[in-house]
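Residues take their numbers from the sequence shown, with the count starting at 1. Just so you know, these numbers use all the heavy atoms, side chains as well, and skip hydrogens, waters and symmetry mates.
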Amino acid sequence: MAEGSLKVTRDTSERRREITSLLKSRGSVQVLALSEMFNVSMQTIRKDLHYLEEHGIATRAYGGAISSEVVNTNAEPPIEVKRVSHTEEKERIGQLAASMVKPGQSIMLDSGTTALQIARFLPDEEDITVVTNDFDVLSVLAQKRNIKIVMLGGELRRKNMAFYGAQTVAALDELLLDKLFLGVDGFDVERGITTHHEAEAQLNRKMVETAREVIAVTDASKFGKVCLHRIIDISEIDALITDAAAPSFIDEAAERLGIKLYKA
């Protein structure tokens, strides 16, 4: 092998080792920043990240990559498992969240088993409007005789029994709602609120734009977890409803960012 080829190989190996180190220390990296740091093209960095992904070190994300140590992109549990996980905590969270809905308000319930509990405990008032994309939430609300229900259409994703797609997002264009109760798959102070499913992240971001108040709802098992698709930074929520097992760093982050924190 020629001397020039050996140098390129050494440079590539060294750069990839340094990127690996950055991933472990920071949790994620961005293509543009790495390109500037190593003075190479973004295409070269993308090849590096592809190599690291093939070796299980990183998982590609929009504009960069996330360390495989902090993200598990294939770990979305089936809806049947979610329904029986942390049920007592979700019931308490659902009851507390439902108590915050006042007559005359319009709210949005995101998909998920925590949203399902909110639906269960909502007061059956004629002047409460609920918008949702979740089939199970619809089934629960349909049993209440007075609540006004707006169902977002789209393509049904059977893995979590909710509707997604361009049609679902477009349906929110003309709406302005009082409250969004946002369920999460991952909640990390540094990396934000994340989910397993790209279409869900896109829809959730649109939901956030549509609501005057954004309230994240999650049991403590989701804290510190990072999924592949980012929804928003935690600074973009107005309130957080969780359970008593929430770690102290959540209290600290809520106080620092001015987020109302409720523990059911």
Side chains of [X] and [Y] in contact at under 4.5 Å (non-hydrogen atoms):
| X | Y | result |
| --- | --- | --- |
| Asp48 | Ile45 | yes |
| Lys47 | Tyr51 | no |
| Val217 | Leu240 | no |
| Thr114 | Gln117 | no |
| Leu176 | Arg212 | yes |
| Ile107 | Leu180 | no |
| Leu152 | Thr132 | no |

Ion pair present between [X] and [Y], side-chain N to carboxylate O less than 4.0 angstrom?
| X | Y | value |
| --- | --- | --- |
| Arg17 | Glu14 | yes |
| Lys148 | Asp127 | no |
| Asp251 | Arg256 | no |
| Glu91 | Arg120 | yes |
| Asp185 | Lys225 | no |

- With sequence neighbours excluded, what pairs up with Phe163 under the ring-ring contact (aromatic ring centres under 6.0 Å, His included) test? none

- All ring-ring contact (aromatic ring centres under 6.0 Å, His included) counterparts of Phe38, not counting sequence neighbours: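 ring-ring contact (aromatic ring centres under 6.0 Å, His included) list for Phe38, sorted by chain: empty.
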
- Minimal heavy-atom distance between Met108 and Met207, with the atoms involved, is SD-CG, 3.0 Å

- Message: Checking Arg145 now: which residues fulfil salt bridge (charged side-chain N to carboxylate O under 4.0 Å, His left out) with it, not counting sequence neighbours?
- Response: none

- Note on the structure: Partner of Glu200 under side chain to side chain contact (heavy atoms under 4.5 Å, CB included), picked from Asp110, Thr168, Ile231, is Asp110

- With Tyr262, which of Thr242, Ile241, Ile93 fulfils side chain to side chain contact (heavy atoms under 4.5 Å, CB included)? Ile241

- Item | Criterion side chain to side chain contact (heavy atoms under 4.5 Å, CB included) on Leu109 and Val131, from CA distance to verdict | CA-CA 6 Å; Leu109 292 182; Val131 180; over 6 Å; no

- Query: Using a distance-only test with no angle check, is there a side-chain donor-acceptor pair under 3.5 angstrom linking Ser111 and Tyr164?
  - Reply: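 Checked: Ser111/Tyr164 side chains pair up, N/O donor to acceptor below 3.5 Å.
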
- Item | Verdict with supporting geometry, Leu257 and Ile234, side chain to side chain contact (heavy atoms under 4.5 Å, CB included) | CA-CA 8 Å; Leu257 296 171; Ile234 68 166; 3.6 Å; yes

- Message: If you apply the rule salt bridge (charged side-chain N to carboxylate O under 4.0 Å, His left out), what do you find for Lys206 with Asp173, and how did you get there?
- Response: CA-CA 9 Å; Lys206 183 68 173 181; Asp173 282 341; 2.8 Å; yes

- Task: Let me see the working for Arg15 and Glu18 under salt bridge (charged side-chain N to carboxylate O under 4.0 Å, His left out), right down to the final yes or no.
- Result: CA-CA 5 Å; Arg15 187 177 61 250; Glu18 290 187 38; over 6 Å; no

